[in-house]
Number of protein chains: 2
Amino acid sequence: MPEPSDHSTVAAWTKRCYFAGRALMDATLRPYDLGATQWYVLRHLADVGPAMQRDLGRALELERATLSGIVAALVRKGLVRQAASGGDQRQRLLTLTASGEALWRRLPDLSFIQEAAFGGIDAADLAAAVRVLRAATERLQGLAGKAQAS
Amino acid sequence: MPEPSDHSTVAAWTKRCYFAGRALMDATLRPYDLGATQWYVLRHLADVGPAMQRDLGRALELERATLSGIVAALVRKGLVRQAASGGDQRQRLLTLTASGEALWRRLPDLSFIQEAAFGGIDAADLAAAVRVLRAATERLQGLAGKAQAS
DNA sequence: CGATATTTGCAAGGTAGCAAACGAATTGTC
DNA sequence: GACAATTCGTTTGCTACCTTGCAAATATCG
């Protein structure tokens, strides 16, 4: 009798791993009063310069409503400026303020987290993990879409 | 020059996969006005019977504060009864109400989600994925613990 | 016995995610 | 030009997760 591969194990570890990384990121950023997603926004603005909120949402795969809250928090802290700009009066251009740039320069490099998590792990295993996770994600998203289309 | 295995890819797919599964679970449970974690609580109570809130928190790996909110929601909906019980007057015994049991019997089997996500995937790949995710989780948790202990 | 942990649960406050609904602006179509 | 559909950002309300701080009950140690 073929033992069914324990799918619940993969699922459980996926969740645990996500939250472990998230927790470490949160803990590292706490002294700077920043959340993980806020950090991603700052990094994007620091790396590629001012961006339309719409494009940033696409780049970071955030829902409009979610990003709206994140941006509001960053504006409240004075780290980001949000201005109507460009031909389309609906769109908002996001720019780092001087204070935002200063904070960004003070922030520690967070790449140590990924290195700590996956550094030195067998490359073939890593590739297999990516294959599994991507396949699962695509199937799940397909199912979710189909459920709606019914 | 050894191309650095793209750790950000593993991390990104871990997050995407977690949320894709979560979204499908949420969508399936929405008609019943239940969240994913609430479902886990109901399942545990349905499977193993009444449980102390403390033990349930350990079993489902939930923070006390988080579980407190979940239980409050389930009590508000009349699905779960929370009573002081046993020798220790701090502990709360959680029991399914009749209405909770009735709802549980009506709920669809959610295992199709794991089957949809991971079914038919190469067993070796699955095993590798579990290895990677578990190793990463343990390393991250170790780091988080050490940071505190400094 | 009494003072001091420790454990258990709750409440408040913050981050982050989603869905639904809305206003304003833009674009498409007739 | 007028009407319809779409896009962009916001708001509201929900789930869920965390931390901090509290209070009550219990356990432990001197």
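This structure is a prediction, so every number in the text was calculated from the model and none was measured. A note on names: the letters A, B, ... follow the listed sequences, proteins ahead of strands, and every chain is numbered from 1.
Across all their heavy atoms, G120(B) and R139(A) have their closest contact at C-NH2, 4.4 Å.
Atom CE of M52(B) is separated from atom P of dA25(D) by 16 Å (rounded to the nearest Å). One interatomic measurement links the two molecules: CG of L67(B) to C1' of dG9(C), which rounds to 10 Å at whole-angstrom precision. To the nearest angstrom, P of dT15(D) lies 10 Å from CG of L74(B). One atom, CG of L56(A), and another, C1' of dT7(D), lie 17 Å apart when rounded to the nearest Å. Between L79(B) atom CG and dT15(D) atom P there is a gap of 12 Å when expressed in whole angstrom units. Spacing between atom CG of L93(B) and atom C1' of dT8(C) amounts to 14 Å, rounded to whole angstrom units. For the pair D88(B) CG and dT28(D) P, the computed distance is 12 Å after rounding to whole Å. Nucleotide dG9(D) holds its C1' atom 8 Å from the CD atom of Q82(A), rounded to whole Å.
In this structure, E61(A) pairs ionically with R16(B), as a charged nitrogen and a carboxylate oxygen lie closer than 4.0 Å.
Residue-level contact check: E61(B) touches neither bases nor backbone, having no heavy atom under 4.0 Å from any strand.
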Using atom names, set out every protein N or O paired with an N or O of nucleotides 15-17 of chain C below 3.5 Å, distance rounded to 0.1 Å.
from: dA16(C); atom 1: OP1; to: A36(A); atom 2: N; distance (Å): 2.6
from: dA16(C); atom 1: OP1; to: T37(A); atom 2: N; distance (Å): 2.7
from: dA16(C); atom 1: OP2; to: Q38(A); atom 2: NE2; distance (Å): 3.1
from: dA16(C); atom 1: O3'; to: R22(A); atom 2: NH2; distance (Å): 3.4
from: dG17(C); atom 1: OP1; to: K15(B); atom 2: NZ; distance (Å): 3.1
from: dG17(C); atom 1: OP2; to: T37(A); atom 2: OG1; distance (Å): 3.3

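Ring orientation note: the planes of W104(B) and W39(B) are tilted relative to one another, at an angle of 30° to 60°.
Between the side chains of S99(B) and R81(B), no donor-acceptor pair of N or O atoms lies under 3.5 Å.
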Considering only distance and modelled atom types, tabulate donor-acceptor pairs under 3.5 Å from the side chains of residues 123-135 of chain B, sequence neighbours left out.
from: D125(B); atom 1: OD1; to: R131(A); atom 2: NH2; distance (Å): 3.1
from: D125(B); atom 1: OD2; to: R131(A); atom 2: NE; distance (Å): 2.8
from: D125(B); atom 1: OD2; to: R131(A); atom 2: NH2; distance (Å): 3.1
from: R131(B); atom 1: NE; to: D125(A); atom 2: OD2; distance (Å): 2.8
from: R131(B); atom 1: NH2; to: D125(A); atom 2: OD1; distance (Å): 3.1
from: R131(B); atom 1: NH2; to: D125(A); atom 2: OD2; distance (Å): 3.1

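On a pure distance criterion of 3.5 Å, a polar donor-acceptor pair joins the side chain of R64(A) and the base of dG9(D). In this model, a side-chain donor or acceptor of R90(A) finds a partner on the base of dT7(D) within 3.5 Å.
Partner of Q53(A) under the side chain to side chain donor-acceptor pair (under 3.5 Å) criterion, chosen from Q82(A), Q91(A), R92(A): Q82(A).
A close approach under 4.0 Å does not occur between any side-chain nitrogen or oxygen of R92(A) and OP1 or OP2 of dT7(D). For dC10(C), the OP1/OP2 oxygens have a side-chain nitrogen or oxygen of Q53(B) closer than 4.0 Å. Residue Q89(B) places none of its side-chain N or O atoms closer than 4.0 Å to OP1 or OP2 of dT7(C).
L79(A) places none of its side-chain heavy atoms less than 4.5 Å from the side chain of L96(A).
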